[in-house]
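Each remark here refers to the structure printed beneath this line.
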Amino acid sequence: MSDKNPDTPPKSGGGCISLLMKLFMLIFLVGLGAAVFYISQPQDLTDIGGYGPAAALAQRRDIKTTLQSSLDRGFEVILSEEDINGYLSRTLASRQSGLLGSNVTLDGAWVRLEEGRVEIVLERRIFGHPLTISSYVQISQSVSPTGTASTEGVLHGGPYLKGIPLNRGGRFGQLVVPQGFLHLVLPAFSKLADAYKPEVDLALGRMARIRIEKDKLILDPREPGDLMTTPGSPF
């Protein structure tokens, strides 16, 4: 005599599918929670030259005057993180009107110089909570068939993961985000660039050669014999 109950429905794969869906949802929620946590944690800025109280002790170098003198007299200029961040800390307060909303304050803007790229960091408070966002920038230079050189900033810091066609755009807090995420915060960086438009125009608009190294931004108004077109490459 069979022990099977004819009223019991046969088992199906529905239970396995449901279990897999719950597992995927759990993994997604854990990942989302981890991402939110790292976004809410400001990145460590103490490695940046001229950051914080050190900015007050930095050499008082006028970046705008230095760049203009380089262009007028035709000599190479080397700017360190301490030079740039000291200048930003002294001038930002007078230029940040309208940069952020009423519930957001800008505590500082900082530059980290790495090999082949710059990381621009905004240190902010939203409803009193400290947060950081950053954007990587590389420099692309090229020469047209007529011999005219052009320079532009490229908003990414190289490949996100080796072998994957995805670039790292910057950091939200401590989380490195893909380039596409920069669209969420691009207005803040655009306003900062507008606030420093004279300096940006002198550097990107008129310098013939730009090279980024660890703790060094090297600018030269003299025309090179050959310009590289790869973003961030020395020439």
Side-chain angles (χ1 to χ4, degrees), residues 45 47-99 106 108-123 134-144 146-155 157 189-235:
L45 305 178
D47 65 304
I48 296 178
Y51 171 71
L57 304 175
Q59 179 182 353
R60 300 183 67 84
R61 194 170 186 183
D62 188 318
I63 300 297
K64 183 179 177 182
T65 300
T66 299
L67 293 175
Q68 187 62 63
S69 179
S70 170
L71 289 163
D72 293 341
R73 298 166 58 189
F75 64 86
E76 179 185 87
V77 61
I78 299 176
L79 301 175
S80 67
E81 284 183 0
E82 190 176 76
D83 292 330
I84 298 171
N85 292 317
Y87 183 74
L88 288 173
S89 67
R90 293 193 303 271
T91 60
L92 185 62
S94 63
R95 303 194 190 190
Q96 65 176 313
S97 176
L99 283 180
L106 183 61
W110 312 98
V111 167
R112 180 184 281 115
L113 299 174
E114 301 175 337
E115 194 67 36
R117 70 185 184 190
V118 179
E119 184 179 11
I120 302 172
V121 185
L122 299 184
E123 190 177 16
S134 73
S135 171
Y136 291 117
V137 180
Q138 296 186 82
I139 301 300
S140 175
Q141 295 191 286
S142 60
V143 179
S144 70
T146 60
T148 303
S150 63
T151 302
E152 64 176 345
V154 181
L155 298 180
F189 289 100
S190 296
K191 289 177 181 178
L192 181 67
D194 289 341
Y196 286 90
K197 189 175 186 302
E199 292 86 347
V200 172
D201 287 346
L202 288 173
L204 295 186
R206 298 182 59 186
M207 290 292 176
R209 294 182 289 172
I210 302 174
R211 189 166 73 252
I212 306 168
E213 298 179 0
K214 177 65 176 175
D215 193 34
K216 289 181 182 180
L217 177 60
I218 305 168
L219 307 107
D220 197 330
R222 295 167 294 186
E223 291 292 338
D226 182 34
L227 283 174
M228 300 295 288
T229 59
T230 303
S233 296
F235 44 82

Give every donor-acceptor pair under 3.5 Å between a side-chain atom in residues 198-205 and any protein atom, sequence neighbours left out.
{"residue": "Glu199", "atom": "OE1", "partner": "Arg95", "partner atom": "NH1", "Å": "3.2"}
{"residue": "Glu199", "atom": "OE2", "partner": "Tyr87", "partner atom": "OH", "Å": "2.5"}
{"residue": "Glu199", "atom": "OE2", "partner": "Arg95", "partner atom": "NH1", "Å": "3.1"}
{"residue": "Glu199", "atom": "OE2", "partner": "Arg95", "partner atom": "NH2", "Å": "3.0"}
{"residue": "Asp201", "atom": "OD2", "partner": "Lys197", "partner atom": "NZ", "Å": "2.8"}

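Taking each heavy atom of Ala208 and Gln141 in turn, the nearest pair found is O-NE2, 3.0 Å. Of all heavy-atom pairs spanning Ala109 and Leu122, the tightest one is CB-CD2, 3.9 Å. When all heavy atoms of Gln138 and Gly157 are compared, the pair lying nearest together is NE2-C, 3.9 Å.
Legend: residues meeting side-chain contact (heavy atoms from CB on, under 4.5 Å) with Leu45, ordered by chain and number and at least two apart, are Gln43, Ile48, Tyr51, Trp110, Arg112, Val121, Glu123, Thr132. Residues passing the salt bridge (charged side-chain N to carboxylate O under 4.0 Å, His left out) test with Asp215: none are found, sequence neighbours excluded. Residues passing the side-chain contact (heavy atoms from CB on, under 4.5 Å) test with Ser70 are Phe75, Val77, Met207, Pro221, sequence neighbours excluded. Among residues two or more places apart in sequence or in another chain, the side chain to side chain donor-acceptor pair (under 3.5 Å) test is passed with Ser135 by none. Residues satisfying the side-chain contact (heavy atoms from CB on, under 4.5 Å) criterion with Glu152, sequence neighbours excluded, are Ser140. Shown here are the side chain to side chain donor-acceptor pair (under 3.5 Å) partners of Asp62, two or more places apart in sequence or in another chain: Thr65. When the salt bridge (charged side-chain N to carboxylate O under 4.0 Å, His left out) test is applied to Glu213, the partners found at least two apart in sequence or on another chain are Arg211.
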Please report the C-alpha distance between Leu192 and Leu92 in whole Å, then the side-chain angles of each, then the deciding distance to 0.1 Å, and finally whether the side chain to side chain contact (heavy atoms under 4.5 Å, CB included) criterion is met. CA-CA 9 Å; Leu192 181 67; Leu92 185 62; 4.0 Å; yes
Leu217 and Ile210: side chain to side chain contact (heavy atoms under 4.5 Å, CB included), yes or no, with the steps? CA-CA 7 Å; Leu217 177 60; Ile210 302 174; 3.9 Å; yes
Leu155 and Val137: CA distance, side-chain angles, deciding distance, side chain to side chain contact (heavy atoms under 4.5 Å, CB included) verdict: CA-CA 5 Å; Leu155 298 180; Val137 180; 3.8 Å; yes
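The main-chain N or O of Asp220 is never found under 3.5 Å from a side-chain atom of Arg209 such that the two would form a donor-acceptor pair. Remark: side-chain polar atoms of Glu81 are paired, donor with acceptor, to backbone N or O of Leu113 under 3.5 angstrom. Between the Ser89 side chain and the Gly86 main chain, a donor and an acceptor come within less than 3.5 Å of each other.
Rounded to the nearest 0.5 Å, atoms CD (Glu115) and NZ (Lys216) are 10.0 Å apart.
Pairs of residues two or more places apart, or lying in two chains, never qualify as salt bridge (charged side-chain N to carboxylate O under 4.0 Å, His left out) while including a residue from residues 67-76.
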